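First the structure, in the form of structure tokens, and then the observations on it.
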Amino acid sequence: MGEFKHFVIVKFKEGVAVEDLTKGMEKLVSDIDAVKSCEWGQDIESLDMLRQGFTHAFLMTFSKKEDFVAFQSHPNHVEFSATFSAAIEKIVVLDFSSTLVKKAPPA
């Protein structure tokens, strides 16, 4: 069994201060040891018809599913989720054990 991933794709509501939310997310994951890594980005390349209105993606990695479960119930996550959810117009969430197909070569 590989690492456990929490993948969130969103479209924020009009007028939302996305930078404030991403800074909040960076603080959140820095404060919770269960999160192995977190990365995010804004779509800049996809065709509108493929994007379906979604604009941002967030990917969190956990060593195991139990770490993800602990993260979900952590008080800081519960509090941040309320703020994050209020800013979202559309969302897709996928939680899964990953299968590594190709490892990146050392830098």
Side-chain angles (χ1 to χ4, degrees):
M1 193 64 83
E3 297 173 322
F4 196 83
K5 307 286 185 172
H6 177 56
F7 186 42
V8 179
I9 306 167
V10 300
K11 176 183 180 184
F12 290 108
K13 293 177 181 174
E14 193 71 35
V16 165
V18 175
E19 187 175 325
D20 292 344
L21 288 173
T22 56
K23 285 181 182 177
M25 172 131 0
E26 289 170 9
K27 180 177 180 352
L28 171 72
V29 300
S30 295
D31 291 346
I32 301 177
D33 291 337
V35 180
K36 184 175 179 180
S37 68
C38 178
E39 50 194 293
W40 70 272
Q42 181 175 355
D43 183 78
I44 57 171
E45 295 292 329
S46 299
L47 299 173
D48 287 340
M49 66 181 229
L50 297 176
R51 185 182 307 133
Q52 298 182 31
F54 293 100
T55 57
H56 292 77
F58 301 86
L59 178 63
M60 290 186 192
T61 301
F62 301 85
S63 293
K64 56 189 182 285
K65 183 178 179 181
E66 292 78 11
D67 289 345
F68 170 70
V69 172
F71 167 77
Q72 287 288 90
S73 61
H74 192 286
N76 293 8
H77 174 256
V78 172
E79 181 181 341
F80 181 78
S81 289
T83 301
F84 192 80
S85 295
I88 294 171
E89 183 174 319
K90 290 172 50 173
I91 187 169
V92 173
V93 178
L94 299 172
D95 299 313
F96 55 95
S97 292
S98 65
T99 301
L100 182 61
V101 176
K102 181 178 179 180
K103 186 173 183 176

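Everything numeric here is computed off the predicted structure, so don't read it as measured data.
- Take Ser81 and apply the side chain to side chain donor-acceptor pair (under 3.5 Å) test, not counting sequence neighbours, and it matches His77.
- Between Phe54 and Asp43, the closest side-chain pair of non-hydrogen atoms is not below 4.5 Å.
- One hydrophobic cluster holds both Val93 and Phe68 under the rule that ILVMFWY side chains link at heavy-atom gaps under 4.5 Å.
- Around atom CG of Asp31, more than 12 heavy atoms belonging to other residues, nucleotides or ligands sit under 6.0 Å away.
- Residues meeting the side chain to side chain contact (heavy atoms under 4.5 Å, CB included) test with Val78, sequence neighbours left out: none.
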Side-chain donor-acceptor distances from residues 6-19 under 3.5 Å, at least two apart:
unit_1: His6; atom_1: ND1; unit_2: Asp95; atom_2: OD1; d: 2.4
unit_1: Lys11; atom_1: NZ; unit_2: Glu89; atom_2: OE2; d: 3.3
unit_1: Lys13; atom_1: NZ; unit_2: Ala86; atom_2: O; d: 2.9
unit_1: Glu19; atom_1: OE2; unit_2: Lys23; atom_2: NZ; d: 3.2

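- The backbone N or O of Gln52 sits less than 3.5 Å from a side-chain atom of Lys90, completing a donor-acceptor pair.
- Residues Lys36 and Asp67 form no side-chain contact, since every pair of their non-hydrogen atoms from C-beta on lies 4.5 Å or further apart.
- Using a distance-only test at 3.5 Å, with no hydrogens or angles considered, a donor-acceptor pair links the side chain of Ser98 to the main chain of Glu3.
- In summary, the aromatic rings of Phe58 and Phe84 are positioned with their centroids under 6.0 Å apart.
- Taken together through direct or relayed side-chain contacts under 4.5 Å among Ile, Leu, Val, Met, Phe, Trp and Tyr, Phe71 and Phe96 form parts of separate hydrophobic clusters.
- The number of heavy-atom neighbours closer than 6.0 Å to CD of Glu79, taken from other residues, nucleotides and ligands shown, is 12 or below.
- Taken to the nearest 0.5 Å, the CG atom of Leu28 stands 7.0 Å off from the CE atom of Met25.
- Trp40 and Ile91 end up in the same hydrophobic cluster when Ile, Leu, Val, Met, Phe, Trp and Tyr side chains are linked at under 4.5 Å.
- Follow the hydrophobic side-chain contacts under 4.5 Å out from Val92 and you reach Leu59 in the same cluster.
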Start with the C-alpha gap between Lys27 and Phe80, add the side-chain angles, then the distance that decides, and say whether side-chain contact (heavy atoms from CB on, under 4.5 Å) holds.
CA-CA 10 Å; Lys27 180 177 180 352; Phe80 181 78; over 6 Å; no

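- Residue Ser97 comes nearest to Phe4 through the heavy atom pair OG-CD1, 3.6 Å, listed as atom of the first residue, atom of the second, then distance.
- Of the inter-residue distances, the one linking His56 atom NE2 with Leu21 atom CG reads 9.0 Å to the nearest 0.5 angstrom.
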